[in-house]
Each structure stands twice: as C-alpha cells, then as structure tokens.
Amino acid sequence: MTTVAAYAAPAAKAPLERTTIERRAVREFDVLIDIRFAGICHSDIHQVHEGWGEAIFPMVPGHEIAGIVSEVGPGVTKFQVGDRVGVGCMVDSCRECDNCKAGLEQYCTGGNVGTYNAVGKDGEPTYGGYAEKIVVDENFVVTIPEGLALDEAAPLLCAGITTYSPLKHWNAGPGKKVAILGMGGLGHMGVKIAHALGAEVTVLSQSLRKQDDGLKLGADHYYATSDEATFKELAGTFDLILSTVSAPLNLDAYLSLLKTDGAFVNVGAPEEPVALNLFSVIGGRKTLAGSGIGGIQETQEMLDFCAEHGFGAEIELIRADEINEAYERVLASDVRYRFVIDTATI
Ligand SMILES: [Zn+2]
Ligand SMILES: [Zn+2]
C-alpha cells in the first residue's frame, strides 16, 4: 500500500478538503501512475451532492486523469515507466460478457467498476483522480499520444469520449447536419469533434454569450434556444442532435428540429425524469437515444483522432485549493470550458 495525498469530500454535499488515501500495492497487471492533471467533470459534482443516488464517502472524485507511468507490474505488456497515459470513467469490468468482449466495457452487463464512488472486485472503494497517484489495471489505461498536452488531454477521458462515441455511432460526418445542444465542457468537445469529422455543426445554446468561441471551435452556425424564433427557423433541420445538457429539457420542442429518421441522443444526465409526448417521435420515425462514455479501445481511437487533428480541450488550469470554488463556477456555467486541477498543488 502507498499513502498518497488527495482531495476528498468527507460527506455528501461537504466541501472537498485535503486528506490522504491508500493506493493498493502494484499487482501483476497493474500500472502505477503519477497523476499530473485531473479534469473536473459535472458528474463529479452530481456525485458529491448525491444527485444520482446514495454515494460512498469519503469520495475522491476525478475520472479525467492524465499522468506518467512510474511503475508497472511484472505481467504488464502495454506500458513502460515514463509513458504518457490516461484513465477515464472506469477501472475494471467483468471482461467476459458480450459487451466487454465487443469492446463496450462501459455497458458491461455485470456493471463496470467506476474510477471513484464504486467498489472494486477486491471489495475496496475506488478513489479517483484528485490525487497524487493511482493504481489501475493496464487494460483500463490508455496512451496519450505525443502532441497532445497532458493538461488539455485530461478532459478528453470523459468529455471527449462521451461526445466522440455517439458522434461516430450516429455517423456524424460530411453531408450531415449535427446540432450540439449545450456549450459547456461536453458541448465544446462535441463541436470540435463533429467539425473534425466533417459534419455541418450548429450550436444550440441558451444564449449567444459563447457564440464567438463556438464559431472559433468549429461551429458553422450558432443559435439561442431562449429565442422562440430558433425553433421555427430550424424545424426539421438536423440529422443528429447531441444533447449535453443535464437540466430538464422540453424534449418535444427539440425533437421537432430533427429531419425524418433523425436522432436525438442524450449524454447529459438530468437528476429528474423528463416528460415526453410520444407523437414527437412517431411523426418522422425519429429516434430518442442515449449514450454513455465509450469503450477502452474507442477511447484510444478518440485520443489518436484528437492528436491527429491537433486539439485537446479548452481548459482553465487551477490549484487544488480552488476545487470548491471551481464547483460553484461549474454550477453557474462559468467555465471556459473545463477546469483542470494541477495535481502537483495537492
Ligand atoms: Zn465525466
Ligand atoms: Zn462485462
């Protein structure tokens, strides 16, 4: 066991504070990672606040982890000491079910093991990336390509893959009209990736406050959803709408913006159920779908894609003692576009 410094919420809704946690000794297939940067995801806040149900405390959040390998177990073949690596939202799965075998570990039928706020196969709670080090099985570690700065790469491990996976699955590309709903941590990655895939990209955001950024990141059009005229003008326009919003939405209004056979795909996770008039999908044979992160192989593919196209996330680098303030600012949508913790300040 190794004792490492970390930032943890001691109880639900409590502010995070500096503490120490134990990391397991490196096992045969484990990689010890010196964490350099950890992104702050909105879901960290949902879980600290128990918005998604009962949680495990103390909680060390963080599932957007970038660092350097500092030790490997004797059975490790994928990594060497000194490699630049990342860890995302899961650190294990059953590895035997159809989904795991198909590279869809995120949909493991036995449930994957979350990077934090979960219990590992050894019965111990998992602790995330707001820490100096982490020990992870090599099969749940990915390579961060040269050319991607580690701090800008960290948010790709959740925000990047969460938008990349559905954009690929629903064939965002040349000739397709794609709307990204919400211009936050997930949304800004959705814009960059959809643009790099060759789609015609529209941002649908509450206001035009971030319009300049959206157009700079690759959007072709930018509309305010607070303006009712937007819904009239864009009726029947899109092949795909990717919703990154985690607040309740008027789904019927957004479904009206799809073409026939269009899909509305949700990656934001509201804490409350939402209402829907099913005629909104019957007319136009529309699809209402969801998508969760991506598999390990696809996460590697996404990192390689971002490196090839020369972009990471837009970030604001913060010290560990600014985490609580950063949470307040995320809740106020006051971040452009992802807070990343410099873990050297823990
Ligand atoms: Zn996340
Ligand atoms: Zn499985």
Side-chain angles (χ1 to χ4, degrees), residues 41-47 51-53 63 88-90 99 104 106-107 112 114 155 158-172 176-194 197 199 201-206 214 219 223 225-226 230-231 234-295 298-299 302 330-331 333 337-338:
C41 175
H42 203 145
S43 62
D44 299 346
I45 303 172
H46 282 296
Q47 291 179 80
W52 291 343
H63 57 206
C89 299
M90 53 189 171
N99 286 340
L104 297 168
Q106 75 275 32
Y107 305 129
N112 67 63
C158 175
I161 186 61
T162 298
T163 49
Y164 180 85
S165 183
L167 286 167
K168 287 283 285 190
H169 186 78
W170 276 274
N171 301 311
K176 292 291 175 68
K177 292 189 176 181
V178 174
I180 305 294
L181 178 51
M183 181 63 188
L186 289 170
H188 95 285
M189 286 312 308
V191 170
K192 287 186 175 205
I193 293 168
L197 287 167
V201 182
T202 300
V203 175
L204 302 173
S205 184
Q206 265 184 319
Y223 287 86
T225 55
S226 53
T230 293
F231 290 86
L234 298 178
T237 297
F238 300 109
D239 298 287
L240 172 64
I241 299 175
L242 183 64
S243 172
T244 67
V245 173
S246 59
L249 286 175
N250 182 345
L251 281 179
D252 302 302
Y254 287 99
L255 287 163
S256 76
L257 305 183
L258 291 173
K259 288 180 185 170
T260 299
D261 284 329
F264 181 99
V265 181
N266 202 86
V267 294
E271 294 182 358
E272 301 295 331
V274 292
L276 171 69
N277 181 340
L278 283 169
F279 282 107
S280 298
V281 289
I282 290 171
R285 196 167 56 188
K286 292 168 184 173
T287 299
L288 174 61
S291 177
I293 52 174
E298 191 175 41
T299 301
M302 174 276 306
V330 170
L331 291 172
S333 299
Y337 280 85
R338 206 59 149 177

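- For the atom pair CD1 (Ile45) and CG (Leu331), the distance works out to 4.5 Å, reported to the nearest 0.5 Å.
- Applying the side chain to side chain donor-acceptor pair (under 3.5 Å) criterion to Tyr107, with sequence neighbours excluded, gives no partner residue.
- The side chain to side chain contact (heavy atoms under 4.5 Å, CB included) search around Tyr223 returns Thr202, Leu204, His221, Thr230, Glu233, Leu234, not counting sequence neighbours.
- With rounding to the nearest 0.5 Å, the separation of CG in Leu257 from CG in Leu181 is 9.0 Å.
- Using a distance-only test at 3.5 Å, with no hydrogens or angles considered, a donor-acceptor pair links the side chain of Thr225 to the main chain of Ser205.
- Heavy-atom minimum distance, Ala172 versus Leu197: O-CB, 3.7 Å.
- In this view, Ser165 and Glu298 satisfy the side chain to side chain donor-acceptor pair (under 3.5 Å) rule, not counting sequence neighbours.
- Checked against side chain to side chain contact (heavy atoms under 4.5 Å, CB included), Ala235 has no partners two or more places apart in sequence or in another chain.
- Applying the ring pair (Phe, Tyr, Trp, His ring centres under 6.0 Å) test to Tyr164 and every residue at least two apart in sequence or in another chain returns Phe305.
- Lys168 pairs by the salt bridge (charged side-chain N to carboxylate O under 4.0 Å, His left out) definition with Glu301, not counting sequence neighbours.
- Atom CG of Leu186 and atom CD1 of Ile180 lie 10.0 Å apart (nearest 0.5 Å).
- Between Leu255 and Leu276 there is a side-chain heavy-atom pair separated by less than 4.5 Å.
- Closest of all the heavy-atom pairs between Cys158 and Thr162 is O-OG1, 2.7 Å.
- From Ile293, atom CD1 reaches atom CE of Met302 across 10.5 Å, with rounding to the nearest 0.5 Å.
- Sorted by first and then second residue, the pairs that involve residues 246-256 and meet side chain to side chain donor-acceptor pair (under 3.5 Å), not counting sequence neighbours, are Asp252-Ser280.
- Distance check: Met183 CE to Thr244 OG1 gives 9.5 Å after rounding to the nearest 0.5 Å.
- At a threshold of 4.5 Å between non-hydrogen side-chain atoms, the residues Asn171 and Lys176 count as touching.
- Between Ala159 and Arg338, the shortest heavy-atom distance links the atoms CB-NH2, 3.6 Å.
- Residue Trp170 comes nearest to Gly290 through the heavy atom pair CH2-O, 3.9 Å, listed as atom of the first residue, atom of the second, then distance.
- Each salt bridge (Lys or Arg N to Asp or Glu O under 4.0 Å) pair with one or both residues in residues 234-243, not counting sequence neighbours, appears once here: Asp239-Lys259.
- Between Leu249 and Val274 there is no side-chain heavy-atom pair separated by less than 4.5 Å.
- Of the inter-residue distances, the one linking Cys89 atom SG with Asn112 atom CG reads 8.5 Å to the nearest 0.5 angstrom.
- Of all heavy-atom pairs between Gly184 and Tyr337, the closest is O-CD2, 3.8 Å.
- The salt bridge (Lys or Arg N to Asp or Glu O under 4.0 Å) pairs that include a residue from residues 276-287 are Asp261-Arg285, where partners are two or more places apart or lie in different chains.
- Between Asn266 and Leu288, every side-chain heavy-atom pair lies at or beyond the 4.5 Å cut-off.
- Closest of all the heavy-atom pairs between Gly190 and Leu167 is O-CD1, 3.8 Å.
- Sorted by first and then second residue, the side chain to side chain donor-acceptor pair (under 3.5 Å) pairs with a member in residues 177-194 read Lys192-Glu314; sequence neighbours excluded.
- Applying the side chain to side chain donor-acceptor pair (under 3.5 Å) test to Ser43 and every residue at least two apart in sequence or in another chain returns His63.
- Under the side chain to side chain donor-acceptor pair (under 3.5 Å) criterion, Gln106 pairs with no residue at all, not counting sequence neighbours.
- For the pairing with Phe264, the side-chain contact (heavy atoms from CB on, under 4.5 Å) check across Leu242, Ile241, Thr287 returns one residue only, Ile241.
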